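Following: one structure in structure tokens, then a few remarks.
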Amino acid sequence: APLLFFLNNDTVLFPRWAEPLLSAFADTPRLACVGPLLLYRDGTVAVFESDTFDPDATDLSEVWQAWEFGPSLVDENGAARSEFHTKYHDINRANPRTFFGYYEPGHYCFVVIDGRKSGYSNGLTLAEEAQLAESLGCTVAFNLDGGQTTQLYWNETIYKIGRAHV
């Protein structure tokens, strides 16, 4: 199956680098279930608060993928959130960003937002990212990562969005 990886910009890739990671997930099905966003085999998603998510009380048998980072960008009605409670104070500043958006089962978007290019692009705050997700029609949107680690791997090419640019 095709895979999409979001990697930190200091990641060093070597031949067959993904095999140990994929083996670990195959050998330990619950390994991926640490995050508050779950993608189910039927194409639906569920977002949990990280401090209340209990993998032992959640049916994980139909989970296909899981992501940890956050926060959730839109509320249960798809409206942009304006307040974000996080222990990372720097996360609220304008930065390069990456988020996962959900429209309906099987219909998603991954959005990578440029930033830190003086006179060209300053990135977005979390509130601005949430407004973008709402404007795109996402019914669920989940911040994945940002800052210097934001980059996209597509068609065997890494596009770095943070400090180092390709």
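This structure is a prediction, so every number in the text was calculated from the model and none was measured.
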Check whether [X] reaches the backbone of [Y] with its side chain - one donor and one acceptor, N or O, closer than 3.5 Å.
X    : Y    : result
R41  : W64  : no
T125 : R93  : no
T139 : Y102 : yes

Side-chain heavy atoms of [X] within contact of [Y], under 4.5 Å:
X    : Y    : value
Y103 : V140 : no
P71  : N143 : yes
L38  : T44  : no
V45  : Y40  : no
R97  : L126 : yes

Would you say the rings of Y108 and F100 are close, in the sense that their centroids are separated by under 6.0 Å?
yes
Once rounded to the nearest 0.5 Å, what's the spacing between atom CG of L39 and atom CD of E62?
11.5 Å
Distance from L144 atom CG to L37 atom CG, nearest 0.5 Å?
8.0 Å
Which pair of heavy atoms, one from C138 and one from V74, lies closest together, and at what distance?
O-CG2, 4.2 Å
Closest heavy-atom pair and its distance - V47, S72
CG1-CB, 4.0 Å
Identify the residue among L124, T98, L132 that makes a side-chain contact (heavy atoms from CB on, under 4.5 Å) with V111.
L132
May I have the step-by-step check of side chain to side chain contact (heavy atoms under 4.5 Å, CB included) for L73 and R81, ending in yes or no?
CA-CA 6 Å; L73 300 169; R81 294 183 186 276; over 6 Å; no
